[in-house]
Amino acid sequence: MSEKVEESIFVGLDETLRRSRMEWSAYASKYDAVCAYNPAYQENIRALVKRLPDWDLPDDANILDLGAGTGNFVCAMGKILPNASYLHVDCNADMNHRARQKYSDRKLNVSIVQDYLQRSVLPESSFDLIVCVNVLYAVAPQDLILRRMKRWLKPDAKLFIIDFGRQVEIIDWGLYLLKHVAEAYGVRHSIKALWENIEFAKQNRNAQKDFANGIFKQHSTQEFGQLLKSSGFKVNELATCYRDYCDLAVCTPER
Ligand SMILES: C[S@@+](CC[C@H](N)C(=O)[O-])C[C@H]1O[C@@H](n2cnc3c(N)ncnc32)[C@H](O)[C@@H]1O
């Protein structure tokens, strides 16, 4: 990759750090509590897990999770591929702290790299699978990051990617979660859960502003497919998910 391209990756990171209102540490403190209440999040995990057996991954596969957060996707893969080697990359110490605890409890072979994707230097042609769930929208410039992912993958390997493409609608999500918590645990519990996790809503409001200000990237499903193709991927599957707020794709590097 030329130095000019490297430089624009750093410009993307600097711009995001300077302008973004998102506080990932505040998000981390409530992340797992809210995800546990969120059926759409659990569906995203199932979308990955149900595809794993079709991909003929070796038992000792090398798997990279980019923006791995509190480690929920690695833990889910670990149930099916317990002997795989996992590399977890995420910029946030609080997210990583929570993930580290889970990996240790499950005795999974996971290395954690705490860094921005824009700054990560990883070995080329090394991974059998890259997972990247709800991270790319926050990692500009997206096309250059995708080109790096392509280089990190082995020739016939897979990229499983889910990405927020549409503006976060706080009221819609709040009502959705309240309804599900009320159905599962009762109305009193749902109000208590809302109160306890108000910081999560606050961070989603910050994300909403970042989307509106163009710091986080929005896309239609079709635009997402185009972005993946123009960044060097063959798109094998493309669909909407996460209540139509996100796009899901399964890709292989174009030769
Ligand atoms: C919405 S969470 C998704 C976490 C995880 N993939 C999941 O689905 O549970 C987004 C994650 O991306 C991380 N993140 C945001 N910008 C990043 C960047 N530039 N480089 C690395 N990680 C980043 C955040 O720290 C956070 O853990």
Side-chain angles (χ1 to χ4, degrees), residues 1 9 44-78 80-81 83-92 95-96 99 103 108-165 217 219 224-225 227-239 241-242 246-255:
M1 194 179 262
I9 284 191
N44 281 349
I45 294 183
R46 277 197 299 278
L48 170 62
V49 166
K50 77 173 187 202
R51 286 170 171 83
L52 284 179
D54 299 337
W55 294 340
D56 292 328
L57 293 165
D59 194 41
D60 60 350
N62 247 338
I63 300 180
L64 171 62
D65 190 340
L66 294 171
T70 60
N72 294 331
F73 283 75
V74 169
C75 289
M77 289 187 277
I80 294 171
L81 291 166
N83 300 320
S85 299
Y86 297 92
L87 181 60
H88 162 134
V89 181
D90 197 289
C91 62
N92 186 267
M95 289 280 186
N96 294 340
Y103 300 152
L108 288 171
N109 175 11
V110 189
S111 305
I112 298 183
V113 171
Q114 189 165 302
D115 207 350
Y116 292 97
L117 300 194
Q118 291 94 330
R119 287 205 300 229
S120 303
V121 178
L122 300 174
E124 304 212 350
S125 302
S126 307
F127 296 97
D128 298 288
L129 170 66
I130 293 181
V131 171
C132 183
V133 177
N134 281 337
V135 181
L136 191 72
Y137 64 88
V139 186
Q142 282 74 10
D143 54 340
L144 299 185
I145 297 293
L146 283 167
R147 282 179 198 282
R148 284 183 155 191
M149 290 188 202
K150 182 185 174 190
R151 294 213 316 270
W152 296 333
L153 282 170
K154 291 179 184 172
D156 290 316
K158 293 266 181 311
L159 166 66
F160 174 90
I161 185 160
I162 291 179
D163 198 44
F164 249 110
K217 188 181 171 72
H219 46 75
F224 190 55
L227 173 68
L228 290 161
K229 279 184 202 153
S230 63
S231 306
F233 285 98
K234 179 168 183 284
V235 180
N236 304 315
E237 272 187 63
L238 180 65
C241 64
Y242 211 56
C246 292
D247 300 311
L248 177 159
V250 179
C251 309
T252 40
E254 196 75 73
R255 286 162 195 262

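- Under the 30°/60° scheme for interplanar angles, the aromatic rings of Phe164 and Tyr242 are found to stand perpendicular.
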Handout entry: Residue pair Leu87, Ile63: steps toward the side chain to side chain contact (heavy atoms under 4.5 Å, CB included) verdict
Key = CA-CA 6 Å; Leu87 181 60; Ile63 300 180; over 6 Å; no
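- For Lys150, the NZ atom sits in a packed shell: over 12 heavy atoms of surrounding residues, nucleotides or ligands are nearer than 6.0 Å.
- In this structure, the side chains of Thr252 and Lys158 come closer than 4.5 Å at one or more pairs of heavy atoms.
- Side-chain contact check for Phe127 versus Met149: every heavy-atom pair is 4.5 Å or farther apart.
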Practice task
Report the C-alpha separation of Val250 and Trp55 in whole Å, then their side-chain angles, then the decisive distance to 0.1 Å, and conclude whether the side chain to side chain contact (heavy atoms under 4.5 Å, CB included) test is met.
Solution key: CA-CA 11 Å; Val250 179; Trp55 294 340; 3.8 Å; yes
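- Residues Leu52 and Leu57 meet the side-chain proximity criterion, which asks for heavy atoms closer than 4.5 Å.
- Legend: residues meeting side chain to side chain donor-acceptor pair (under 3.5 Å) with Asp115, ordered by chain and number and at least two apart, are Arg119.
- Side-chain N or O atoms of Asp128 include one that pairs as donor or acceptor with a backbone N or O of Asn62 at under 3.5 Å.
- With respect to the salt-bridge test (charged N to carboxylate O, under 4.0 angstrom), the residues Arg255 and Asp156 qualify.
- One finds the CG atom of Asp65 at 10.0 Å from the CD1 atom of Ile130 (value rounded to the nearest 0.5 Å).
- With Gln118 contributing its side chain and Ala140 its backbone, the two residues share a donor-acceptor pair below 3.5 Å.
- Looking at Leu129 and Met77, their side chains come closer than 4.5 Å, going by heavy atoms from C-beta outward.
- For Lys50 against Pro53, the heavy-atom pair with the smallest separation is O-CD, 3.5 Å.
- Listed here is the closest heavy atom pair of Ala76 and Ile45: CB-CG2, 3.4 Å.
- Between Asn109 and Tyr86 there is no side-chain heavy-atom pair separated by less than 4.5 Å.
- Using a distance-only test at 3.5 Å, with no hydrogens or angles considered, no donor-acceptor pair links the side chain of Asp163 to the main chain of Gly165.
- Side-chain N or O atoms of Arg151 include none that pairs as donor or acceptor with a backbone N or O of Leu146 at under 3.5 Å.
- One distance of note links OG of Ser120 with CH2 of Trp152; it measures 5.0 Å at 0.5 Å rounding.
- When every heavy atom of Asn44 is checked against every heavy atom of Phe73, the shortest pair comes out as O-CE2, 3.7 Å.
- Ile162 and Cys246 make their closest contact through CG2-CB, 3.8 Å (heavy atoms, listed as atom of the first residue, atom of the second, distance).
- Two residues are said to be in side-chain contact when any heavy atoms from C-beta on lie closer than 4.5 Å; Tyr103 and Cys75 meet this criterion.
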Exercise for the section: Please lay out, stage by stage, how Phe233 and Leu159 fare under the test side chain to side chain contact (heavy atoms under 4.5 Å, CB included). Expected result: CA-CA 9 Å; Phe233 285 98; Leu159 166 66; 3.8 Å; yes
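- Here CD1 of Ile112 is found 12.5 Å from CE of Met95. Values are rounded to the nearest 0.5 Å.
- Closest heavy-atom contact between Val235 and Gly225: CG2-O, 4.0 Å.
- At least one donor-acceptor pair closer than 3.5 Å links the side chain of Asp90 to the backbone N or O of Gly69.
- Asp60 and Asn83 share no donor-acceptor pair across their side chains, judged by distance under 3.5 Å alone.
- With hydrogens and angles ignored, the 3.5 Å screen pairs a side-chain donor or acceptor of Gln142 with a backbone N or O of Tyr137.
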Problem - Test log, rule side chain to side chain contact (heavy atoms under 4.5 Å, CB included), inputs Val135 and Leu66 - result: CA-CA 8 Å; Val135 181; Leu66 294 171; 5.7 Å; no
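- The line from CZ of Arg51 to CG of Asn236 is 11.0 Å long, rounded to the nearest 0.5 Å.
- Side chains of Val89 and Tyr116 form no contact here, defined as non-hydrogen atoms less than 4.5 Å apart.
- Panel note: side chain Asp247, backbone Cys241; no donor-acceptor pair is recorded below 3.5 Å.
- In this structure, Leu136 and Phe224 have side chains that are in contact, with non-hydrogen atoms separated by less than 4.5 Å.
- Taking Asn134 as the reference, nothing meets the side chain to side chain donor-acceptor pair (under 3.5 Å) condition, with sequence neighbours excluded.
- Put simply, CD1 on Ile161 and CD on Glu237 are 13.5 Å apart, with the number rounded to the nearest 0.5 Å.
- Ser126 contributes no side-chain N or O that, together with a main-chain N or O of Leu122, makes up a donor-acceptor pair within less than 3.5 Å.
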